[in-house]
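Everything quoted here is computed from the prediction, not taken from an experiment. All heavy atoms count here, side chains included; hydrogens, waters and symmetry mates do not.
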There are 2 protein chains.
Amino acid sequence: MARRKSGTATSHDVARAANVSQALVSRAFTGNGRIAPKTRERILKAAEAVGWQPNALARSMVTGDAPLVAVITTRLNFDWRAQVLSRLLKAIQEWHLKPLLFYAESDAEVDRLLDEALGWRARGVIVTAGVVRENRAAAIIDKGQFLVALNRPANHDKGFSVATDNPLGGRMAAKLFLEEGRQRLLVLGGPQGSWAPSLRAEGFSQAAHEAGRQVAVWNNDTMSTEAGRACAGRLLALPSAQQPDAVFATNDAMALGFLDGLRGHRSIPGDIALIGFDNLPAAEWAPYRLTTFEQPLEEMMRRLVAHVDGHSEEQPLQRNGAREQCPGLIRCKPKLITRMTAGKTECP
Amino acid sequence: MARRKSGTATSHDVARAANVSQALVSRAFTGNGRIAPKTRERILKAAEAVGWQPNALARSMVTGDAPLVAVITTRLNFDWRAQVLSRLLKAIQEWHLKPLLFYAESDAEVDRLLDEALGWRARGVIVTAGVVRENRAAAIIDKGQFLVALNRPANHDKGFSVATDNPLGGRMAAKLFLEEGRQRLLVLGGPQGSWAPSLRAEGFSQAAHEAGRQVAVWNNDTMSTEAGRACAGRLLALPSAQQPDAVFATNDAMALGFLDGLRGHRSIPGDIALIGFDNLPAAEWAPYRLTTFEQPLEEMMRRLVAHVDGHSEEQPLQRNGAREQCPGLIRCKPKLITRMTAGKTECP
DNA sequence: CTGAAAGCGCTTACAG
DNA sequence: CTGAAAGCGCTTACAG
């Protein structure tokens, strides 16, 4: 029944081999408590011979502190997700913590996974997929764990949420189009109810409305290159009087597909200006040269790290003093990367 | 010192709340041992009220079996890595195991991380980055853990290694070029000593040599689109008599950059035929239409899963009976995806 | 069906 | 400097 139990050495085996008490073996490895240097060395050698090292589970249990952080993630098929996870894993590594991953096949699973994560008594949880329900957030925080939500709300006033300033990105895109004198504006949006893409679209629409312009919004369930290509087809089928002359795609994948769909039919940015979001590697490739927004991943990670470090030092919340616009939500400015598809009308 | 210890409820708290013994609380959650249905329900309610669930660390300790699997990974900036990790996380999730990630900033760190992983007493370890040293492999397997290496050797006869059949891919590419009557062959290789890219290059060269053709190999330290573009520049600078008319890029990133670098200077596949490796999403985009190899990820995962399932059932090794070509290494055939850059010379 | 007790593999006061 | 002992939060025979 017990899988392996037999055969695995314990600190007692090492103690026997080094002819010391089991407690000394522990001290040799933790570095806590006095121990003669020579004894320590003898123990280390014995451990090596036996092939033993401390059982991290047992250590975590007895110290009441597991060096773990739970990370909720999902399919990595969108480039941006992989970038985020990669950067996150690196940060966690640098904390000398271990990421325990919870993979959500769909957003609906996220709540169950958060519950499961609680069982591991980790230092905290980082959510990069799905939605954090309010009572789940409370359960996590009440147990003294930190809660960080990336590009989504934490739904708790002691939770922490870092996001790209999506509305600002949308507004900047609109402003750029208006400065270029574009007339008919279109947004390639995400699924209904999605958080980040909706905020981008709303920021865009709002700025356009303030300038007296109307905006069409086409929602897309997948936000893939295929979806972008489909939108291009839809645009080409429109009566020419209704064809937009400026398009804001709420992610790069759609923008790239859109460009491919228009290739040979329209000139960019002559007929249609285009701005994307994410600054995927492909955005700068020769056939695209897409004007887009870079998400401030490094800044987001810095903020996240600062929050978690603050948490572990049990500092009082400094957030009130700092007067964030929206408590618990840190917005980091996206950076406009101007390439050929918009914003360069003054250059040849 | 102890971080949280205080405040966190235990099974005793639940027992008190439900007016039962602590042992019953355990039985209510594990499902092992007899317990009256009504008692169980009362306990579950009490636990919910207290906000408690079993401590997975303590459970793992006492059962001697932690439902963990260690995964060694690295930066996810290459698309293929992210795909692999994503698929892996899903498989592990389906086993009802939890992936504990070890992130190696460089290959040199991998050995240290493997050592660290041992401390968690996981069911096994899956290596997707760096090299598994022989004695490290032995240490893992001697402790009864499984060892799986993806696209690299496991370096132990009880380890398990699944890889794309890289030499075969190389040979197939060469064969296709030869059938097209290409004369001057070039390989865009990876770093010296890299495993998979070198095998691809070798397979290619070998097949070419057998047909009496010479092959030039240009190694690249990064295998990025930039490297591919640089190779294009280098090619264009060559005296025309020496210019290759067929290029095998050992990954798609280089192939795509190479295409961009040639754009406007050479016609593809007229002047130069090109084959890549990986079948990245971008390979099928309109400006590229790259002929390339799809790595058989699903088959690799199926094999991996079968091995690990076999391991947990303590089955005798079946490998000898099956007579694998190379013991412990399973090669899965890559699939040629024929698009526009090679292999379609008969079609307009 | 339920409870008291032993034990998982460690760490850490507490005595010597 | 070292060792014996308590205890971390559970699970699981073993008695009742």
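The CZ-C1' distance, from A/Arg16 to C/dG9, rounds to 13 Å in whole Å. Between A/Ile35 atom CD1 and C/dT11 atom P the separation is 12 Å, expressed in whole Å. We find that CZ of B/Phe29 is positioned 13 Å from C1' of D/dC10, with the value rounded to whole Å. For B/His12 and C/dA5, the NE2 to C1' distance is 11 Å, given to the nearest whole Å. Atom-to-atom, CD of B/Gln22 to P of D/dG7 comes out at 16 Å; the value is rounded to the nearest Å. As a whole-Å value, the separation of B/Glu41 CD from C/dC1 C1' is 16 Å. Computed from coordinates, the B/Met61 CE to D/dT11 C1' distance equals 11 Å when rounded to whole Å. Rounded to an integer number of Å, the gap from B/Leu24 CG to D/dC10 C1' is 14 Å.
The backbone N or O of A/Ala139 sits nowhere less than 3.5 Å from a side-chain atom of A/Asp142 that would complete a donor-acceptor pair. Under the 3.5 Å distance criterion, the side-chain polar atoms of A/Arg87 are left unmatched by any main-chain donor or acceptor of A/Leu297.
Comparing B/Arg42 and B/Ala58, the nucleotide of DNA chain C nearest to each residue sits closer to the 5' end for B/Arg42.
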So what does the secondary structure string of DNA chain D come out as, 5' to 3', with Watson-Crick or wobble pairs under 3.5 angstrom, [ ] for crossing and | for pairs with another strand?
|||.||||||||.|||
Apply the test side-chain contact (heavy atoms from CB on, under 4.5 Å) to residues A/Phe102 and A/Glu109: give CA-CA distance (whole Å), side-chain angles for both, the deciding distance (0.1 Å), then the verdict.
CA-CA 10 Å; A/Phe102 293 79; A/Glu109 285 182 75; over 6 Å; no
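You'll find that the side chain of B/Pro37 is closest to C/dC1, out of C/dC10, C/dC1, C/dA4. Looking at the side chain of A/Arg27, the nearest of the listed nucleotides C/dC10, D/dC10, C/dT12 is C/dT12. With D/dA13, C/dC8, D/dG3 as the choices, the nucleotide that has an atom nearest any side-chain atom of B/Val62 turns out to be C/dC8. Considering only the side chain of A/Thr10, C/dC10 comes nearest among D/dT11, C/dC10, C/dT2.
Checking the phosphate oxygens (OP1, OP2) of C/dC10, a side-chain nitrogen or oxygen of B/Arg121 falls inside 4.0 Å. Residue A/Thr63 places none of its side-chain N or O atoms closer than 4.0 Å to OP1 or OP2 of C/dC10. The phosphate of D/dC10 has neither OP1 nor OP2 within less than 4.0 Å of any side-chain N or O from B/Arg59. Contact annotation: B/Ser11 side-chain N/O to D/dC10 OP1/OP2 distance is under 4.0 Å. The phosphate of C/dG3 (OP1 or OP2) has a side-chain N or O of B/Ser21 nearer than 4.0 angstrom. Between B/Trp120 and C/dG9 there is no side-chain N or O to OP1 or OP2 distance below 4.0 Å. The shortest distance between the side-chain N/O atoms of B/Asn32 and the OP1/OP2 oxygens of D/dT12 is below 4.0 Å.
B/Ser60 comes within contact range of no nucleotide atom at all, as no heavy-atom separation falls under 4.0 Å. Nucleic acid contact class of A/Ala36 (heavy atoms, under 4.0 Å, all strands): sugar-phosphate only. Looking at heavy-atom distances under 4.0 Å, A/Ser26 makes contact with a base.
Salt-bridge annotation for B/Asp115 and B/Arg112: absent, with no side-chain N of the basic residue lying under 4.0 Å from a carboxylate O of the acidic one. Salt bridge B/Arg303/B/Glu299: present, at least one basic N to carboxylate O contact under 4.0 Å. A salt bridge links B/Asp65 with B/Arg123: the distance from a Lys NZ or Arg NE/NH1/NH2 to an Asp or Glu carboxylate oxygen falls below 4.0 Å.
Checking each of B/Asn151, B/Val110, B/Thr74, B/Leu88 against B/Thr128 for a side-chain contact (heavy atoms from CB on, under 4.5 Å) leaves exactly one that passes, namely B/Leu88.
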Per-pair distances, 0.1 Å, donor-acceptor, side chain in residues 28-37 of chain B, under 3.5 Å, sequence neighbours excluded:
residue : atom : partner : partner atom : Å
B/Thr30 : OG1  : B/Ser26 : O            : 3.3
B/Thr30 : OG1  : B/Asn32 : N            : 3.0

